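Some notes on the structure that comes next.
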Amino acid sequence: MNYDNVMKLALERGFYFPSCEVYADAQAGFWEYGPAGVGLKNKFVELWRRELVRRDNMLEIDGSQIMSQSVFEASGHLSSFADPIIKCKNCKSTFRADKLISDTTKIEIPESADLIDFDKAISENNIKCPSCQGEFESSRKFNMMFKVGIGPDGEPAYLRPETCQSIFVDFPRLYKTMRGKLPIGIAQIGKSFRNEISPRQSLLRLREFYQAEIEIFCNPDKLNEFEKFSEVQDVLIRIQVDDTPKQMTCKEAVENGTIPNRFVAYYLGILLEFYEKSGIDIIRSKFRKLSEKEKAFYAEVAFDFEVETTAGWLELVACNYRSDYDLASHAKKSKEKFEVMDGDVKVLPHVFEISMGIDRSLYSILEHSLRDDKENERIVLSLKPYMAPIHVGILSLVKKDGLKEKTDEIYQAIKSKFDVFLDHSGAIGRRYRRLDEIGTPFAITVDHQTLEDDTVTMRMRDSMKQNRIKISEIESYLLKETSYP
RNA sequence: GCGGAGUUAGUCUAGCCUGGUUAUGACGUCAGCUUCCCAAGCUGAAGGCCGCGGGUUCAAAUCUCGCACUCCGCACCA
């Protein structure tokens, strides 16, 4: 199924939809999750906690979305998370200054250069607007952070462009109070904000989006002393260094140098296992090693985890080895101590980051799970049972003869234990199909036989087959079938 | 932000060129009847300031201008 099919499902069944849509001044890049979307997101986050945070004994925090200016002076976002742009006085077209200069004159000016350098290059080389030959205004920086004013005087602060800065800033306290020991992972789920020039494709490029970030702090001298590596050494991953992705085990990837060390390989391995369990078709996934040019300004080595969808290859996770870039800059700016003891050695930890885009991940799960069952004239969302927004539908075959009351009884008994949807009205086949579309793996139906022997039918979403089970066994059955792996 | 194409009910859509009563149809939704395990049938109902704002006109979904949003390319990114 393609992007449009997923979009239609999302709008019709309450997965997600545009924010503020009743108003004409609603801005692009903001979307809401409806009930089904929240259900799926909650299941995804819980799986993330199980497969990454708990598996690795990480600490989870929940930091502020608004952070002070100093944080971003230290992190480099104030100067580097910005594009130099120039605007034509005549036709108002906007261009990337560094790009336009290198395209027309072959002069390479780094995008972080002073604005004066761009203006100088433009006047010296007599560069005109490519669309109308007009003159340019002075160049300026377009910073992708949202600036906010705090208090009556509007003290400058920013909506965080990535969740991880609070992890870095909080690191000294967390390490001390949580009895930290290297290597240690600190994780956070939350919103981040980027003032994208052109947000597009619903959940795929947002101005306000969810990230699940993990920062692992480590001793850079011990990147190959990593016992846990044996847990993932045989995990098969696909890695692309140049053009074509190659499949190999994590162990092979370290041995042939594709992945620099066991430490990084371990985390790529558990990340892949997580995504497989989330319902991503990992045959259509790869880790792509980024070139020097593509890497973010803070990264030393970087792998993107990408999956193939009808909207192209989507980058779901950025895995960056950030070295001591962040702790060193916060230490310098704040004059606080960020070094810790590893054994009897004092060390400024290095950081490996797993920065996951939740919204994109959810989209990919939806696209990889949605199928058109032409034979049975239905759309089925084949989510893993533990990922489904609704675990089970509870239906009365008909309302009369006491079936409704019996159905209500069963619903009351399990509604607080599972995500349950009760439905009495309409044709039974129609009700099954509605449940199929939001990925509900099971449907219990109360029929006349139920009144005689206290059994119900249990219908499976994917096969449409039904078993009869005792009412007394419903709870244990669902518990077993919908539990996380 | 640029170029191109669009925007009519939850979804898809007719009408627009050639302005004129109450805006078309399908699917979906809700209620009832019927059936009694897979989108059947019958009856009825709800749901639209035709993306937003201005202009032209006696009259605008329709002509016109501006803006916003969506989609496709460019550039940027989780």
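The structure displayed is predicted, hence computed values, not measured ones. Numbered from 1 within each chain, the chains take letters A, B, ... in sequence-line order. All heavy atoms count here, side chains included; hydrogens, waters and symmetry mates do not.
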Under-3.5 Å donor-acceptor pair between A:Arg205 side chain and B:rC77 base = no
A:Tyr3 side chain near B:rC71 phosphate (N/O to OP1/OP2, under 4.0 Å) | yes
Watson-Crick or G-U wobble mate for B:rA40, both contacts under 3.5 Å | none
Nearest-nucleotide wise, let me know which of A:Leu11 and A:Glu377 is further upstream toward the 5' end of RNA chain B.
-> A:Leu11
Determine the interatomic distance between C1' on B:rC30 and the same-named atom on B:rC37; round to the nearest Å.
-> 23 Å
Closest listed nucleotide, where the reference is the side chain of A:Gln211 and the choices are B:rA78, B:rA39, B:rC38 | B:rA78
Is there a donor and acceptor pair, one atom on the side chain of A:Arg194 and one on the base of B:rC76, closer than 3.5 Å?
-> no
Could you measure between the two P atoms, the one in B:rU8 and the one in B:rG53, and give it in whole Å?
-> 16 Å
From CZ of A:Arg288 across to C1' of B:rA78 the rounded distance in Å is 13 Å
Could you tell me whether A:Gln65 atom CD has more than 12 heavy atoms of other residues or ligands within 6.0 Å of it?
-> yes
Using the P atom as the reference point in each nucleotide, state the distance between B:rC52 and B:rC69 in Å, no decimals.
-> 15 Å
Any strand: nucleotide that pairs with B:rA23 via Watson-Crick or wobble, under 3.5 Å | none
From the list A:Leu381, A:Asp419, A:Leu383, A:Asn42, side chain to side chain contact (heavy atoms under 4.5 Å, CB included) partner of A:Pro389 resolves to A:Leu383
Does B:rG51 have a Watson-Crick or wobble mate here (both distances under 3.5 Å), and if so which one?
-> B:rC67
Atom-pair distance (NE2 on A:His77; C1' on B:rC77), nearest Å = 12 Å
If you measure from the P atom in B:rG28 to the same atom in B:rC42, how many Å do you get, rounded?
-> 12 Å
Which one is paired to B:rA9, where only Watson-Crick or G-U wobble pairs with both distances under 3.5 angstrom count?
-> none
Quote, to the nearest angstrom, the P distance that separates B:rU21 from B:rC50.
-> 15 Å
Within the pair A:Gln27 and B:rC69, is there a side-chain N or O less than 4.0 Å away from OP1 or OP2?
-> yes
Remember a base hit wins even if backbone is also touched, and classify A:Asp447 as base, sugar-phosphate or nothing at under 4.0 Å, heavy atoms.
-> base
Heavy atoms of A:Val420 and A:Lys415 approach each other most closely as CG2-CA, 4.0 Å
Nearest-nucleotide wise, let me know which of A:Ala427 and A:Pro199 is further upstream toward the 5' end of RNA chain B.
-> A:Ala427
Tell me what A:Ser361 touches on the nucleic acid: a base, only sugar-phosphate, or nothing, going by heavy atoms under 4.0 Å.
-> nothing
Neighbour count above 12 (heavy atom, 6.0 Å) for A:Glu377 CD | no
Indicate, with a heavy-atom threshold strictly under 4.0 Å, whether A:Glu162 touches base, sugar-phosphate, or nothing.
-> nothing
Atom OH of A:Tyr275 to atom P of B:rA78: distance rounded to whole Å?
-> 13 Å
OP1 or OP2 of B:rC38 sitting under 4.0 Å from any side-chain N/O of A:Arg434?
-> no
Decide yes or no, distance alone: a donor-acceptor N/O pair under 3.5 angstrom between the base of B:rC37 and the side-chain of A:Arg459.
-> no
Name the nucleic acid region contacted by A:Ile358, choosing base, sugar-phosphate or nothing; use a 4.0 angstrom heavy-atom cut-off, strictly under.
-> nothing
Using atom C1' of each nucleotide, how far apart are B:rC2 and B:rU11 to the nearest Å?
-> 32 Å
Taking a pair as Watson-Crick or G-U wobble with both distances under 3.5 Å, which nucleotide is matched to B:rA14?
-> none
A:Gln201 vs B:rU70: side-chain N/O to OP1/OP2 distance below 4.0 Å = no
Pick base, sugar-phosphate or nothing for A:Ser355, based on heavy-atom distances below 4.0 Å to the nucleic acid.
-> nothing
Would you classify A:Ser192 as touching base, sugar-phosphate or nothing, given that sugar-phosphate means primed atoms plus P, OP1 and OP2, and contacts are heavy atoms under 4.0 Å?
-> nothing
Atom P, compared across B:rU24 and B:rC49: separation rounded to whole Å = 15 Å
Whole Å only: how far is the CG atom of A:Asn376 from the P atom of B:rA39?
-> 9 Å
Would you say a side-chain N or O of A:Arg430 is under 4.0 Å from OP1 or OP2 of B:rA40?
-> yes
N-O pairing of A:Glu273 and A:Lys277 below 4.0 Å = no
Please give, in whole Å, the distance from B:rC27 C1' to A:Ile379 CD1?
-> 13 Å
Here the distance between atom P of B:rA39 and atom NZ of A:Lys374, to the nearest Å, is 18 Å
Mind checking who B:rC74 pairs with, Watson-Crick or G-U wobble, both distances under 3.5 Å?
-> B:rG1
From B:rC30, B:rA39, B:rC76, nucleotide with atom closest to A:Glu196 side chain | B:rC76
By the Watson-Crick or G-U definition, both distances under 3.5 Å, B:rA45 is matched with B:rU29
Determine, for A:Glu196 against A:Arg207, whether the closest basic-nitrogen to carboxylate-oxygen distance falls under 4.0 angstrom.
-> no
Quick one: is A:Ser202 getting a side-chain N or O under 4.0 Å of the B:rU70 phosphate, OP1 or OP2?
-> no
Would you classify A:Gln449 as touching base, sugar-phosphate or nothing, given that sugar-phosphate means primed atoms plus P, OP1 and OP2, and contacts are heavy atoms under 4.0 Å?
-> nothing
So which nucleotide from B:rC77, B:rC38, B:rU35 ends up closest to the side chain of A:Arg360?
-> B:rC77
Do the side chains of A:Ser396 and A:Lys406 get nearer than 4.5 Å, heavy atoms only?
-> no
Sugar-phosphate, base or nothing in reach of A:Glu213, heavy atoms under 4.0 Å = nothing
Pairing partner of B:rA60 (Watson-Crick or G-U wobble, both distances under 3.5 Å) | none
Would you indicate what A:Lys399 reaches in the nucleic acid, counting non-hydrogen atoms under 4.0 angstrom: base, sugar-phosphate, or nothing?
-> sugar-phosphate
Nucleotide nearest A:Ala28 (side chain, heavy atoms from C-beta), chosen from B:rA78, B:rA39, B:rC69 | B:rC69
Do A:Glu306 and A:Lys289 meet the salt-bridge criterion of a basic N to acidic O distance under 4.0 Å?
-> no
Select base, sugar-phosphate, or nothing to describe what A:Glu12 touches, counting heavy atoms under 4.0 Å on all strands.
-> sugar-phosphate
Charged N to carboxylate O under 4.0 angstrom, A:Arg461 versus A:Asp436?
-> no
Under the criterion side chain to side chain contact (heavy atoms under 4.5 Å, CB included), which of A:Leu362, A:Val38, A:Leu366 is the partner of A:Phe15?
-> A:Leu366
Between A:Asp4 (CG) and B:rA5 (P), how many Å, whole number?
-> 20 Å
Span that lies between the C1' atom of B:rG55 and that of B:rG10, in whole angstrom = 34 Å
Quick note, A:Leu397 side chain, CB onward, closest among B:rC37, B:rC38, B:rA78 is B:rC37
Could you check how far CD of A:Glu437 sits from P of B:rC27, rounded to whole Å?
-> 16 Å
